[in-house]
Amino acid sequence: QVQLVESGGGLVQAGGSLRLSCAASGRTFSIYAMAWFRQAPGKEREFVAAISRSGETTYWPDSVKDRFTISRDNAKNTVYLQMNSLKPEDTAVYYCAADPDFRKGTRYSAPAYNFWGQGTHVTVSS
């Protein structure tokens, strides 16, 4: 088991930046691949970024490419999402996820992940 707690959300103007953090507790953090997803009102949960256990490999969709960066510090049991050049369409609740089970889906699909945080709200005003 691992517990995940996100922080860093808030209100920002378009073009601004935020850095989200996800602190993990429980089992050894470094054994888990991690990801960020987001969910806007009335929409399905959407993949935002993923990172391998070592942090050497990252993944993201075209919608956030060159604007968002995922990283992790295994010594601090924390994964980060640096978000730059934010747009109003980035407004959503952002969730941290851990431990994808590829029998249940790909790293890009929410059902694949076994553990979730409670989410942090990000609002981007135009």
Side-chain angles (χ1 to χ4, degrees):
Q1 290 282 349
V2 63
Q3 292 76 43
L4 305 173
V5 179
E6 302 97 332
S7 62
L11 173 65
V12 63
Q13 289 188 332
S17 298
L18 282 175
R19 188 175 83 153
L20 306 183
S21 299
C22 173
S25 60
R27 292 191 63 186
T28 305
F29 175 69
S30 60
I31 71 173
Y32 296 113
M34 303 290 295
W36 287 94
F37 286 76
R38 65 186 180 187
Q39 189 165 18
K43 295 188 176 182
E44 292 186 352
R45 197 162 293 192
E46 175 190 21
F47 171 74
V48 174
I51 190 166
S52 64
R53 289 176 290 181
S54 67
E56 291 182 352
T57 307
T58 55
Y59 311 83
W60 41 69
D62 288 342
S63 59
V64 305
K65 184 180 179 181
D66 298 328
R67 298 191 300 123
F68 291 9
T69 302
I70 187 171
S71 62
R72 66 190 295 163
D73 186 338
N74 286 344
K76 295 182 178 180
N77 290 354
T78 303
V79 63
Y80 304 97
L81 184 68
Q82 177 66 43
M83 304 187 294
N84 299 326
S85 302
L86 283 161
K87 305 175 181 179
E89 51 263 44
D90 294 319
T91 294
V93 178
Y94 283 71
Y95 295 93
C96 176
D99 191 28
D101 181 346
F102 296 119
R103 295 170 298 179
K104 298 191 292 184
T106 70
R107 70 180 81 254
Y108 312 108
S109 62
Y113 289 82
N114 287 319
F115 303 106
W116 291 87
Q118 83 290 347
T120 185
H121 290 259
V122 172
T123 302
V124 184
S125 63
S126 58

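None of these values were measured; they are calculated from a predicted model. Numbers here simply count residues along the sequence, with the first being 1.
- Between Trp116 and Tyr113, the shortest heavy-atom distance links the atoms NE1-O, 3.4 Å.
- Annotation: side chain to side chain contact (heavy atoms under 4.5 Å, CB included) contacts of Asp101 (sequence neighbours excluded): Arg103, Lys104, Asn114.
- By the side-chain hydrogen bond (donor to acceptor under 3.5 Å, both in side chains) test, Ser109 is found to be paired with no residue, residues two or more places apart in sequence or in another chain being considered.
- Counting only residues at least two apart or on different chains, no disulfide (SG to SG under 2.5 Å) pair has a member in residues 29-73.
- Counting only residues at least two apart or in different chains, salt bridge (charged side-chain N to carboxylate O under 4.0 Å, His left out) contacts with residues 36-65 comprise Arg38-Glu46, Arg38-Asp90.
- Pairing each heavy atom of Ala14 with each of Ser126, the nearest pair is CB-CA, 4.3 Å.
- No donor-acceptor pair under 3.5 Å is formed between the side chain of Gln39 and the backbone N or O of Ala92.
- Residues satisfying the side chain to side chain contact (heavy atoms under 4.5 Å, CB included) criterion with Thr69, sequence neighbours excluded, are Gln82.
- Nearest heavy atom pair, residue Asn74 against residue Ser30, reads ND2-CB, 3.6 Å.
- Here side-chain hydrogen bond (donor to acceptor under 3.5 Å, both in side chains) pairs that include residues 8-24, with residues two or more places apart or in two chains, are Ser17-Asn84.
- Of all the heavy atoms in Ser125 and Leu11, the pair that sits closest is CB-CD1, 4.3 Å.
- Judged by distance alone, with hydrogens and angles left aside, the side-chain atoms of Arg67 form a donor-acceptor pair with the main-chain N or O of Ser85 at under 3.5 Å.
- Contacts of Ser71 classified as side chain to side chain contact (heavy atoms under 4.5 Å, CB included), with partners at least two apart in sequence or in another chain: Tyr80.
- Between the CG atom in Asn77 and the CD atom in Gln3 there is a gap of 11.5 Å [rounded to 0.5 Å].
- Judged as a side chain to side chain contact (heavy atoms under 4.5 Å, CB included), and not counting sequence neighbours, the contacts of Tyr59 are Phe47, Ala50, Thr57, Arg107, Tyr108.
- Applying the disulfide (SG to SG under 2.5 Å) definition to pairs two or more places apart or across chains, those involving residues 55-120 are Cys22-Cys96.
- In the hydrophobic clustering (ILVMFWY side chains linked at under 4.5 Å, chained through shared members), Phe102 stands by itself.
- Using a 4.5 Å cut-off between side-chain heavy atoms of Ile, Leu, Val, Met, Phe, Trp and Tyr, Leu20 falls into a hydrophobic cluster with Val2, Leu4, Val12, Leu18, Phe29, Ile31, Tyr32, Met34, Trp36, Val48, Ile51, Trp60, Val64, Phe68, Ile70, Val79, Leu81, Met83, Leu86, Tyr94, Phe115, Val122, Val124.
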